[in-house]
Amino acid sequence: MNFTTNRRAALCAGASLAAAAMMPAWAQAQPTLRFAAVFSDKDIRADMMKMFAKDVEADFKVEVFLNSTLFKQGTELVALQRDNLEMGNIGPQDIAKQIPAWSLLTSAYLFRDANHLNNFFASDMGAQMKKMVEDQLKVKILGPTFFGTRQVGLKTKKKINVPADLAGVKLRMPPGDSWQLLGRSIGANPTPMAYAETYTGLQTGAIDGQDNPLPNVQNMKFNEVMSQIVLTSHLVGYDLLTVNMKTWQSMTPAKQQAFQAAASKAIAWSTAEHLKREAELAEGFKRQGLDVYTPNVAAFREHAQKIYLASDEAKNWPAGMLDKINAMK
């Protein structure tokens with residue numbers, strides 16, 4: 001009896017081991033997904049990732065690396081493509097470096113607000129642009145992570161009303177041609193500088209200003225080394241929550257659905273928090289003594305659109321898409 005029982009147990013154990021050997025690696029143990037981003041732990045999106053990690057913890061362990069501690073700003077996309085990173089918060093400007101058609105989605109005054117941005121990515125046009133990334137870059141876009149509308153913050157006290165008033169102003173922009181074009185489109189002299197170096201750059205006078213949404217200004221304490229914020233509202237700021245295709249394709253359809261649902265939930269929460277924070281900060285910075293005002297936004301928009309339409313980038317834009325985006329609600 002004991003021999004028979006032990007033999008049966010051994011056969012069952014052997015069958016289990018054989019089945020386990022045939023299973024893909026991700027199915028045998030809870031996979032670890034490393035997420036890399038440039039933003040700090042004070043950023044609302046850091047809490048967004050905590051929410052996401054908790055919602056997928058039954059299937060995945062998500063390790064979050066912020067402040068460019070795992071990969072430098074602008075290198076995350078290549079890391080995803082090379083399977084050196086599982087998840088990342090990627091700037092559309094980085095995608096535009098490899099897919100020129102995406103430069104449209106980085107242009108000034110394209111999206112009116114967060115709702116317009118989200119409606120685009122949920123549309124057939126958004127699906128078309130996301131498929132380009134999947135097919136050409138092997139990266140899956142889970143959704144746009146809105147982080148506020150970019151405004152110009154300056155150390156100088158010179159009043160700014162139209163783009164000509166920014167002539168010669170050294171405005172910090174992230175490295176990359178798309179960012180430099182954005183700076184030129186609003187009349188400034190764009191100066192490439194890493195996000196983490198911007199505070200010191202303002203402090204020392206290496207730059208005259210920077211452009212960021214108000215929550216970022218607070219997170220990085222740029223307000224301590226600026227005298228004014230010009231509400232140009234020249235770009236609805238967003239990055240893209242992404243997962244590399246190898247990781248995505250290793251999931252069952254049910255896990256993909258749950259993963260996407262968790263991402264969409266976290267992104268929606270983050271968007272609402274950013275909108276709330278922006279409204280609070282505009283008044284808060286005024287109380288701190290910063291001059292916060294709205295310039296001639298129509299003049300900035302007209303100038304920016306002329307610069308973009310005359311640029312080489314516009315030649316790569318999908319035919320008719322600009323007009324369709326402008327017509328969207």
Side-chain angles (χ1 to χ4, degrees), residues 33 35-66 76 80 86-95 102 105-106 110-131 133-134 139-151 212-219 233 235-244 247-248 251 253-282 325 328-329:
L33 307 182
F35 169 82
V38 64
F39 54 76
S40 76
D41 60 350
K42 304 291 192 241
D43 196 292
I44 292 169
R45 289 168 295 176
D47 291 330
M48 174 190 80
M49 289 309 299
K50 289 179 184 177
M51 176 184 293
F52 171 79
K54 183 171 179 58
D55 283 347
V56 300
E57 65 182 357
D59 296 316
F60 304 94
K61 177 182 178 183
V62 179
E63 293 183 349
V64 177
F65 297 87
L66 306 178
E76 304 95 338
L80 287 167
E86 292 73 44
M87 295 189 69
N89 190 65
I90 307 300
Q93 293 79 7
D94 293 331
I95 292 175
W102 262 74
L105 305 186
T106 70
L110 177 67
F111 297 117
R112 294 185 295 273
D113 51 33
N115 188 56
H116 190 203
L117 168 73
N118 290 327
N119 287 344
F120 168 79
F121 275 97
S123 72
D124 290 342
M125 289 183 290
Q128 174 187 337
M129 300 303 278
K130 287 186 286 189
K131 191 172 188 305
V133 176
E134 291 182 17
V139 172
K140 170 75 175 178
I141 293 175
L142 298 169
T145 55
F146 169 79
F147 58 89
T149 302
R150 297 183 84 94
Q151 317 290 1
N212 264 293
L214 301 187
N216 289 25
V217 171
Q218 182 193 45
N219 295 338
S233 300
L235 188 74
V236 171
Y238 72 98
D239 287 325
L240 299 150
L241 182 59
T242 59
V243 58
N244 82 338
T247 301
W248 177 255
M251 302 180 198
K255 285 190 177 182
Q256 286 179 347
Q257 185 176 5
F259 199 83
Q260 179 64 72
S264 298
K265 172 188 170 184
I267 289 171
W269 174 85
S270 176
T271 297
E273 288 297 305
H274 275 96
L275 291 170
K276 179 182 175 183
R277 181 78 61 84
E278 279 188 312
E280 296 170 347
L281 287 174
I325 294 175
M328 282 183 67
K329 293 183 179 180

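- Remark: Gln218 CD to Asn212 CG distance equals 12.5 Å, nearest 0.5 Å.
- No side-chain heavy atom of Leu110 sits under 4.5 Å from any side-chain heavy atom of Phe120.
- The side chain to side chain donor-acceptor pair (under 3.5 Å) search around Ser123 returns none, not counting sequence neighbours.
- Taking Thr247 as the reference, Leu33, Glu86, Val243, Asn244, Met251 meet the side chain to side chain contact (heavy atoms under 4.5 Å, CB included) condition, with sequence neighbours excluded.
- Evaluation of the salt bridge (Lys or Arg N to Asp or Glu O under 4.0 Å) test over residues 266-277, restricted to residues two or more places apart or in two chains, returns none.
- Note: Phe121 and Tyr238 have perpendicular aromatic rings, judged against thresholds of 30 and 60 degrees for the angle between ring planes.
- Here the straight-line distance linking atom CG of Asn89 with atom CD of Glu76 works out to 8.0 Å at 0.5 Å rounding.
- A 4.5 Å side-chain heavy-atom check between Ser233 and Gln151 finds at least one atom pair inside the cut-off.
- Using modelled atom types, one side-chain atom of Thr271 and one backbone atom of Ile267 make a donor-acceptor pair closer than 3.5 Å.
- Side chain of Trp102 to backbone of Met129: a donor-acceptor contact under 3.5 angstrom is found.
- You'll find the side chain of Thr242 reaches within 4.5 Å of the side chain of Leu80, heavy atoms only.
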Contacts under 3.5 angstrom, residues 39-54 side chains, donor-acceptor by atom type, not counting sequence neighbours:
from	atom 1	to	atom 2	distance (Å)
Ser40	OG	Lys42	N	3.1
Asp43	OD1	Arg45	N	2.7
Asp43	OD1	Arg45	NE	3.0
Asp43	OD2	Arg45	NH2	3.0
Arg45	NH1	Asp239	OD2	3.2

Could you pull out every donor-acceptor pair under 3.5 Å between side chains of residues 112-119 and any protein atom, sequence neighbours left out?
from	atom 1	to	atom 2	distance (Å)
Arg112	NH1	Asn326	O	3.4
Arg112	NH1	Met328	O	3.3
Arg112	NH2	Met328	O	2.4
Asp113	OD1	Asn115	N	3.2
Asp113	OD1	His116	N	2.8
His116	ND1	Arg112	N	3.0
His116	NE2	Ile325	O	2.9
Asn118	ND2	Ala114	O	3.2
Asn119	ND2	Asn115	O	3.4
Asn119	ND2	Lys329	O	3.2

task = Evaluate side chain to side chain contact (heavy atoms under 4.5 Å, CB included) for Phe259 paired with Asp59, printing each intermediate quantity in order.
result = CA-CA 9 Å; Phe259 199 83; Asp59 296 316; over 6 Å; no
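- Counting only distance, with no hydrogens or angles, the side chain of Gln256 and the backbone of Trp248 share a donor-acceptor pair below 3.5 Å.
- Under the rule for a salt bridge (Lys or Arg N to Asp or Glu O under 4.0 Å), the partners of Glu134 that lie at least two apart in sequence or sit in another chain are Lys140.
- Here the straight-line distance linking atom CG of Leu240 with atom CG of Leu142 works out to 9.5 Å at 0.5 Å rounding.
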